[in-house]
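See below for the structure under consideration.
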Amino acid sequence: LFIHGTYDLSTPFKNATDMAQRFENGRLLAVERSGHNPIIDLYRERPDTIRPLLKGFLMDPAAADIPQRIALPPVDYTLSERPVTVKDRP
């Protein structure tokens with residue numbers, strides 16, 4: 001089971017697709033809006049989804065119901081109204 005974040009800047013997504021195809025029971029789960037640590041992101045954002053998915057795959061890889069994609073919530077890129085400065089620190 002290859003779990004790869006679609007926002008991963010370290011490892012190209014194509015690497016995961018190529019590797020999954022080389023394994024008899026290879027599966028690829030794309031985690032939308034996740035970077036290089038998609039399992040950590042899934043445990044933080046979707047623990048109810050990742051736990052049974054991993055357990056099912058480990059128990060019987062051929063029979064496991066693995067989705068092709070799981071989407072995480074959109075990333076919030078908004079900044080605070082005023083940046084924190086050295087004077088703000090205690």
Original post:
Can you name the residues that form a ring-ring contact (aromatic ring centres under 6.0 Å, His included) with Tyr43, not counting sequence neighbours?
Top reply: none
Subject >> Counterpart residues, ring-ring contact (aromatic ring centres under 6.0 Å, His included), relative to Phe13 (two or more places apart) >> reply: His4
Original post:
From Leu29 CG over to Leu42 CG, what is the distance, rounded to the nearest 0.5 angstrom?
Top reply: 6.5 Å
Original post:
What pairs of residues pass the salt bridge (Lys or Arg N to Asp or Glu O under 4.0 Å) test when at least one of them lies in residues 54-73, not counting sequence neighbours?
Top reply: Glu32-Arg69
Subject >> Atom pair CG/CG of Leu28 and Leu1 - distance to nearest 0.5 Å >> reply: 8.5 Å
Original post:
Between Tyr7 and Val31, is a side-chain contact (heavy atoms from CB on, under 4.5 Å) present by the stated rule, with each step listed?
Top reply: CA-CA 9 Å; Tyr7 285 6; Val31 183; over 6 Å; no
**OP:** Apply the test side-chain contact (heavy atoms from CB on, under 4.5 Å) to residues Ile70 and Ile50: give CA-CA distance (whole Å), side-chain angles for both, the deciding distance (0.1 Å), then the verdict.
**Re:** CA-CA 10 Å; Ile70 293 179; Ile50 189 61; 5.8 Å; no
**OP:** With sequence neighbours left out, write down each residue that passes side-chain hydrogen bond (donor to acceptor under 3.5 Å, both in side chains) with Arg46, or none if nothing qualifies.
**Re:** Thr49
**OP:** List for me each residue that meets side chain to side chain contact (heavy atoms under 4.5 Å, CB included) alongside Pro52, sequence neighbours excluded, and say none if there are none.
**Re:** none
Without placing hydrogens or testing angles, list every side-chain donor-acceptor pair under 3.5 Å for residues 18-26, not counting sequence neighbours.
{"from": "Asp18", "atom 1": "OD1", "to": "Lys14", "atom 2": "NZ", "distance (Å)": "3.1"}
{"from": "Asp18", "atom 1": "OD2", "to": "Lys14", "atom 2": "NZ", "distance (Å)": "3.1"}

Original post:
If two hydrophobic side chains count as joined below 4.5 Å and joins carry through other members, does Leu53 share a cluster with Phe2?
Top reply: no
**OP:** Look only at the side chain of Arg27 and the backbone of Ala62, and say whether a donor-acceptor pair between them is shorter than 3.5 Å.
**Re:** yes
Without placing hydrogens or testing angles, list every side-chain donor-acceptor pair under 3.5 Å for residues 33-41, not counting sequence neighbours.
{"from": "Arg33", "atom 1": "NH1", "to": "Leu72", "atom 2": "O", "distance (Å)": "2.3"}
{"from": "Ser34", "atom 1": "OG", "to": "Asp41", "atom 2": "OD2", "distance (Å)": "2.6"}
{"from": "His36", "atom 1": "ND1", "to": "Asp8", "atom 2": "OD1", "distance (Å)": "3.1"}
{"from": "His36", "atom 1": "ND1", "to": "Asp8", "atom 2": "OD2", "distance (Å)": "2.8"}
{"from": "Asp41", "atom 1": "OD1", "to": "Arg44", "atom 2": "NH1", "distance (Å)": "3.4"}
{"from": "Asp41", "atom 1": "OD1", "to": "Arg44", "atom 2": "NH2", "distance (Å)": "3.0"}

